Amino acid sequence: MAQPAATTTTSANASETPIVSLAHVTLAYGDLRALDNVSLDVRQGERLCVLGANGSGKSTLASVICGLLAPDAGEVTLVGEKVFEAGSADFDAYRRARRKLGLVFQNPEDQIVTSVVEEDVAFGPENLGLPPERIEHLVRRELHRVAMERYAKADPARLSGGQRQRVTIAGALAMEPRVLVLDEPSSSLDVRGRRSVMKVVEKLRGVGCTVVHVTHFMDEALGADRVVVLDHGHVALAGTPQEVFSHVEEVRGLGLEEPFAGQLSSQLRERGLDVSWTCDEGALLADLARRTSGHRAGRVAAAPGDAPHGGGAPVVRAEDVRFSYEQSRRRRRADAAPAALDGVTIDVPHGAHVALVGQTGSGKSTLLRLIAALEVPDQGRIEVDGIPTADRRDRRRLHGRVGYVMQRPERQLFAETVAQDVAYGPSNLGLSPSEVDQRVRRALDLVGLVGKDDASPFQLSGGQQRLCALAGILAMEPNLLVLDEPTAGLDPRGRRKLRRILDGLNADGTTLVEVTHAMEDAARADLVAVLDGGRVVLTDTPAQVFSTDNAEKLHDMGLGIPHPLAFARVLEDAGYPPLGDPLTNETLADAIVRAAGAADRPSAPSAAGTSATADGRDE
Amino acid sequence: MALRISVGQYYAADSTIHRLDPRTKTACALALMIATFFVHSPLGLAALAASVLALLLAARVPAGEVLSSVRGVLWVLLILAVFNLLLIRDGSVLLAAGPITITMGGTWSAVLYPVRVFAAIVVGALLLLTTTPTELGDAFDAACSPLTRLGLPGHELAMVFSLMLRFIPTLANDASAIMNAQVARGGEVARGSLGRRLRAVGSVLVALMASSMNHADDLARALDARCYESGGTRSHWHPLHFGARDAVAFAATAALVALLVTLG
């Protein structure tokens, strides 16, 4: 880094007094103990990762650490200020401490206070009362650090989520905090945005800024010096990432999951391969590379995937669809890329699970809205269940048959009780009260919210709200479900649960069309449609879409390939025999075991020590 | 997003108007908007139209951008024009067919009133397009400074005002997404019995309210984290100061207002 450090911490004083110290901290919201006797020290210059399921107290901990929330009991020392002691808060100390603590959290949109990027970055320094020349210097420096200097004059509303979040990070860093608290900074972002935010976090290590990072993504925790896992308000596990994740069963029990390499090494061990468990991808790679004879063979061609569901007429048939928002016709500004579709033709077979992938702005969400008959194509036609969406009356008929799950569908909740909210759709269909009641019961049963009927939807946890909203759509008993990033923002347990529900529906014959950013999810679909610039550029089975032939194409569109596949490619580059195109951890583990079995005799470590990781592949 | 409201959307450009002190800009815009009500003659109207056009050019904001931000009121103005045309019966009759009588006076009113209002709105839109919410907040803050001196929350009012402008598009997007979701659940506002429609409106409003509360909670957290304190001593990256440019702007506005009032 060419710029001066954000803090002047050096590694020499890392062993000195902790920069943040919590002792026996307890904090309750009403009856709920969000933090229960938590003791935690954050050392200067370290990167501490906080993991935990939804509702485990992570965000509360983040707020306490950045001085926005005083506990009920315990002792808190922040950047040398004793802010809470013997049951009372020292508000002056809090005010002083807060000036040295920065916070960035989940929704960048809500943290940006003005409509010019550079002015937003200047907001914090202005509040600190810094002189104009100093503000100028800080704004320029931080915009450069987060690689947003080209957008200094841009309107944040026109930036992507990842870019916006980088602006908020620049805004926090411009206040030169000694500690930067990141509270799930990437959970509302797509893969690319997440990666760009993590790049900035990595850079901060280089300048010795202390970072406390709360996240739902296990792989983000791997770069941390220390990991703390919270469960119901207390520290359940703590240690280096390797130490924490090695408690495989406990980690799962806490609603989390192992990082990719941990999962894979567990699966390999289950299959009898004698690798040592690790959550470090590089280490696993080196370990595996040592076991191969090193004979290199050409890659096998992509296995012909299962033929796409061909049973009967397609549920959705889109023909040469063109759509543009009225707005996009009027706006001729270069930075306002029109979110439109052009020449889109796609058939969704009955009972299939189709994944729509593509970058932000590629038209995925628009296509979903068109299929849900919420918008009408400007040209071409869309038929759902044989009903064209062009006519208003027909669209109304479709609103019962197509279930539309928008992004963060919990935003649609409005009724006083869960049951009433779920009943909204079916009662709009004009069903009898007893039928509505039955459907509500069935839907709540499907999503596992039985017994919550009379609770207020607003008092449910985040994950439960999502399920409640889903139940509200399932109660209409649609035979086609279109979903816009259904698992975004959920913790691993929530993601697993939602996946199970969707798989169950699909197995029972419901057609799924899902927009997703996770290539691992797309790999589990029957068909993957790749959108780019408003066009469908590829529609095929996951095996075909992610085959070697398409790797470059996907890369050019800013898309990655599923993690297992990327790992297989790296292994092959490290001298492994062809592993095929494994799209899931299971098939990858099988392929590795097979390859290792073929080369059973241990041989010279020909390509060991290669440091490439699968991650580098889909940059 | 299907619905984009561009009220209060800043348009970044480098123009004389952009560079004016926001206090100057706000004061001049207000004076000009009030002056439009004094216009009654064709000559006055022509002068008004010409000066608004000149402003538009000086601000270097594309006409399409201005039009898109005032599009909502065009319908209202059109209706205003039609009403004036049909209901005002002054002066000589130009056309009489059955119940419809169109007079000279009516035609003039149908031109005068909508154009006047339109000019005022364009001036307002230009102010918003060339001034960032922060700057507007600062101007508002200056306007509120007598309140602050009296111990009333002038600064806070200004901040609220500026954040309101910033969050209009956000809430509009939310409203559009929620409306879509409820329509897909069969809750259409524009259809069905009154009870059903009310329920549909309620389902959107309550959900929107809940989502606004979430934004508000987040925003409060962000403002705290960034050390925004009421009554705090903020500094300014670009401190406001009146320059020669502002003096010229004041003089030009005064002359223009005088002209419009004299022409009548």
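We name chains A, B, ... by the order of the sequence lines, and we start the count at 1 in each one. Treat the numbers as computed from the prediction; the structure is a model and nothing was measured.
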The interface call for A/Arg392 against chain B, heavy-atom contacts under 4.5 Å, is side chain
If one checks every heavy atom of A/Ser63 against chain B at 4.5 Å, the contacting part turns out to be both
Turns out that what part of A/Val113 lies under 4.5 Å from chain B's heavy atoms comes down to both
Under 4.5 Å to a heavy atom of chain A? For B/Arg166 that would be side chain
Cut-off 4.5 Å, heavy atoms of chain B, and the answer for A/Leu68 is side chain
Pairing of B/Glu229 and A/Arg95 as salt bridge, 4.0 angstrom limit: yes
Whatever's closer than 4.5 Å to a heavy atom in chain A on B/Asn214 counts as backbone
Cut-off 4.5 Å, heavy atoms of chain B, and the answer for A/Glu118 is both
The interface call for B/Met209 against chain A, heavy-atom contacts under 4.5 Å, is neither
- Task: State plainly whether the residues A/Glu176 and A/Arg134 are in salt-bridge range, i.e. N to O under 4.0 Å.
- Result: yes
Okay, B/Arg199 and chain A: the region with an atom under 4.5 Å from a heavy atom over there is both
Review point. Under a 4.5 Å cut-off applied to non-hydrogen side-chain atoms, are A/Leu480 and A/Ile371 in contact?
Key: yes
If one checks every heavy atom of A/Phe458 against chain B at 4.5 Å, the contacting part turns out to be side chain
Honestly, the part of A/Pro478 sitting under 4.5 Å from a heavy atom of chain B is neither
The interface call for A/Asp484 against chain B, heavy-atom contacts under 4.5 Å, is neither
Any carboxylate oxygen within less than 4.0 angstrom of a Lys/Arg side-chain nitrogen, looking at B/Asp174 and A/Arg408? no
Okay, B/Ala216 and chain A: the region with an atom under 4.5 Å from a heavy atom over there is neither
